[in-house]
*Asks:* 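Below is one structure. I have some questions about it.
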Amino acid sequence: MKRAERAARKVLQRLEEAGFQAYFVGGCVRDQLMKRPVSDYDVATNARPEEVQALFSHTIPTGIQHGTVTVWLEETSVEVTTFRVESRYKDSRRPEHVHFVDSLYLDLARRDFTINAIAQDLNGRYYDPFHGMDDLASNMLRTVGEPFERFQEDALRLLRAVRFAAQLGMRIEKETYEAICTHAGLLSRIAVERIRTEWDKILLSNAAYGIQLLLKTGLFPYVFFDIEVPSPQILSSLSLIEKLPKKLTIRYAALCDRMGIREQEADRWLRKLRHGKKFVRDILSVLRALPTGDQSICDLLNWEDTTWRNHLYHVGKEAAEHAAQILSVYEPNDQATMVYNLYRAKISQQPIWTMCDLKIDGHRLLNEFPDLERKGWLIGEILKHLVGEVLRHPHKNDPYALLCEARDFLEKNRGSQE
Ligand code: ATP
Ligand code: MG
């Protein structure tokens with residue numbers, strides 16, 4: 001038994017010993033039934049948040065007003081949420097109020113889809129009032145209760161439906177599907193951060209199927225904003241994204257590349273999705289590292305060695321590695337294979353990736369040329385010059401050769417140093 005499961009069982013045990021009801025609920029029950037790896041364990045209980053806090057020595061009041069307490073146990077965490085119902089949803093967003101209740105049934109009834117509304121007790125007994133197990137068996141995603149109402153209550157569920165369908169490879173039940181199409185516009189009311197969380201999970205799973213569903217249901221513009229709808233041909237090529245590692249930077253870059261979303265547009269889109277600055281920068285570097293379109297693939301095959309070295313230095317090692325990984329899953333035609341092999345070879349031959357890879361540093365320059373003490377700015381200039389030299393002539397990355405080069409540089413620029 002894994003540590004997370006062991007910890008969750010202990011939480012259930014302790015709650016039961018204290019006289020409360022406690023169950024595994026949501027994703028962990030669903031994933032275990034589907035024989036998928038369980039990521040985290042959620043527990044539902046009739047104990048109030050204060051009572052949960054009193055029973056365990058390490059707790060964090062994660063979302064205490066909504067009834068969630070995180071329990072730390074055996075170096076892992078378990079989310080424990082008090083049975084609750086939600087009332088008065090405002091503008092199809094989060095509920096205005098939650099009420100704690102004593103009934104497991106009511107807690108399951110407020111959940112989004114039948115497959116997420118199954119509970120299991122410590123003895124392994126299932127509680128499945130909305131027949132989620134039948135839906136799992138027939139691979140069908142269906143809302144708990146009336147789909148029109150459930151999507152009007154919380155429009156994020158529209159996108160969650162696509163997320164679960166893509167992630168779990170399920171079909172969406174007819175009425176649920178029709179309700180999504182009818183209510184697609186409501187997604188505009190949802191905070192973009194919540195949209196992004198679900199969309200990122202789609203991208204990390206079966207992205208091609210997910211995007212196809214977004215297009216068919218009318219949800220596409222609420223995730224992609226003003227980005228052009230991909231052609232059927234592009235859409236079918238998106239399936240190769242699945243072959244890539246489950247890493248967002250790589251998958252975003254591959255998606256933008258395939259969909260013809262170039263740097264500037266990608267930058268705008270990623271910022272609209274409120275992704276962090278560094279994350280956006282990393283994706284743009286991978287995009288820059290990739291050859292774009294047939295024309296530049298031909299150019300790339302004819303590049304001089306120095307052009308290659310400058311290009312790789314400019315995009316950085318990580319982006320170059322990611323780009324090579326993306327190229328490796330492209331349709332294996334002669335040209336793609338050639339570009340991939342070339343890319344790999346150039347990466348392995350790259351003499352330096354950053355200034356730190358030079359065989360001398362600022363201290364060594366100061367030792368050699370003590371006058372530089374008074375002209376600190378010049379050290380950076382010299383190092384920049386040395387980088388350019390090594391990119392042109394890799395054999396020059398040697399302490400002695402670099403010092404000679406630095407001396408020449410200082411001689412030549414004597415006039416501008418005063
Ligand atoms: P994952 O493994 O991807 O985390 P999950 O099923 O645990 O999947 P979460 O988003 O963590 O998904 O939500 C936990 C549970 O809370 C869901 O299984 C569902 O029962 C319920 N839930 C979450 N969001 C909503 C929502 N917007 N409306 C109704 N129920 C929800
Ligand atoms: Mg979860």
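Start at 1 with the first residue, then count along the sequence. Atoms within a ligand are numbered from 1 in the order they appear, just like the ligands themselves.
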*Asks:* If the contact criterion is a heavy-atom separation under 4.0 Å, does Glu153 count as touching ligand 1?
*Replies:*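 No; Glu153 lies far enough from ligand 1 that no heavy-atom distance drops under 4.0 Å.
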*Asks:* Between Arg194, Arg163, Arg110, Glu198, flag the one that comes closest to atom 1 (P) of ligand 1 by a heavy atom.
*Replies:*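 Selected option, by shortest heavy-atom distance: Arg163.
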*Asks:* Which atoms of ligand 1 have any heavy atom of Arg157 under 4.0 Å away?
*Replies:*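 Taking each heavy atom of Arg157 in turn, ligand 1 has 26 (C), 27 (N), 28 (N), 29 (C) under 4.0 Å.
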*Asks:* For atom 30 (N) of ligand 1, what is the nearest protein heavy atom, given as residue, atom name and distance?
*Replies:*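 Atom 30 (N) of ligand 1 sits closest to the protein heavy atom Asp112 N, 3.1 Å.
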*Asks:* If you have a sec, work out which protein heavy atom is nearest atom 23 (C) of ligand 1 and how many Å separate them, to one decimal?
*Replies:*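 Going by distance alone, atom 23 (C) of ligand 1 is nearest to Arg160 NH2, 3.0 Å.
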*Asks:* Are Tyr313 and Trp353 close enough that their ring centers fall under 6.0 Å?
*Replies:*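 For Tyr313 and Trp353, the ring centres are not under 6.0 Å apart.
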*Asks:* Go through the steps to decide whether Phe224 and Trp199 satisfy the test ring pair (Phe, Tyr, Trp, His ring centres under 6.0 Å), and finish with yes or no.
*Replies:* CA-CA 10 Å; Phe224 284 86; Trp199 156 246; 5.1 Å; yes
*Asks:* So which heavy atom on Ile241 is nearest to which on Ala207, and how close?
*Replies:*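 The pair with the smallest heavy-atom distance is CG2-CB, 4.4 Å.
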*Asks:* In ligand 1, which numbered atoms sit nearer than 4.0 Å to a non-hydrogen atom of Ser39?
*Replies:*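 Checking each atom against Ser39, I get 2 (O).
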*Asks:* Using the six-membered ring of Phe113, assess whether NZ or CZ of Arg150 lies under 6.0 Å from its centre and within 45 degrees of the ring axis.
*Replies:*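 No, Arg150 and Phe113 do not form such a contact.
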*Asks:* For Thr217 and Leu214, indicate whether the former's side chain and the latter's backbone hold a donor-acceptor pair under 3.5 Å.
*Replies:*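 Judged by distance alone, yes, a pair lies under 3.5 Å.
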*Asks:* Where on Asp154 is there a heavy atom closer than 4.0 Å to ligand 1, on the side chain, on the backbone, on both, or on neither?
*Replies:*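 Near ligand 1, Asp154 shows its side chain, while the N, CA, C and O stay back.
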*Asks:* Protein heavy-atom contact under 4.0 Å for atom 28 (N) of ligand 1?
*Replies:*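 So far as the 4.0 Å threshold goes, atom 28 (N) of ligand 1 is in reach of a protein heavy atom.
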*Asks:* Pairs in or reaching into residues 178-188: which pass salt bridge (Lys or Arg N to Asp or Glu O under 4.0 Å), with residues at least two apart or in two chains?
*Replies:*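 Qualifying pairs: Lys174-Glu178.
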*Asks:* Please lay out, stage by stage, how Arg160 and Asp112 fare under the test salt bridge (Lys or Arg N to Asp or Glu O under 4.0 Å).
*Replies:* CA-CA 9 Å; Arg160 282 174 64 83; Asp112 46 8; 2.7 Å; yes
*Asks:* Could you tell me which atoms of ligand 1, counted from 1 in the order shown, lie closer than 4.0 angstrom to a heavy atom of Gly26?
*Replies:*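 Those qualifying, in numeric order: 18 (O).
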*Asks:* Only heavy atoms count here, so choose which of Arg150, Arg36, Lys201, Arg111 is nearest to atom 16 (O) of ligand 1.
*Replies:*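 Heavy atom nearest to atom 16 (O) of ligand 1 belongs to Arg111.
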*Asks:* Could you check whether Phe225 and Phe220 have their ring centres less than 6.0 Å apart?
*Replies:*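 Judged by ring-centre distance (under 6.0 Å), Phe220 and Phe225 do not meet the cut-off.
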*Asks:* What's the shortest distance from atom 6 (O) of ligand 1 to any protein heavy atom, and which residue and atom give it?
*Replies:*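 Here the closest protein heavy atom is Arg30 NH1, 2.7 Å.
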*Asks:* Looking only at protein heavy atoms, identify the closest one to atom 11 (O) of ligand 1 and say how far it is in Å.
*Replies:*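 Looking only at protein heavy atoms, the one closest to atom 11 (O) of ligand 1 is Asp42 OD2, 4.6 Å.
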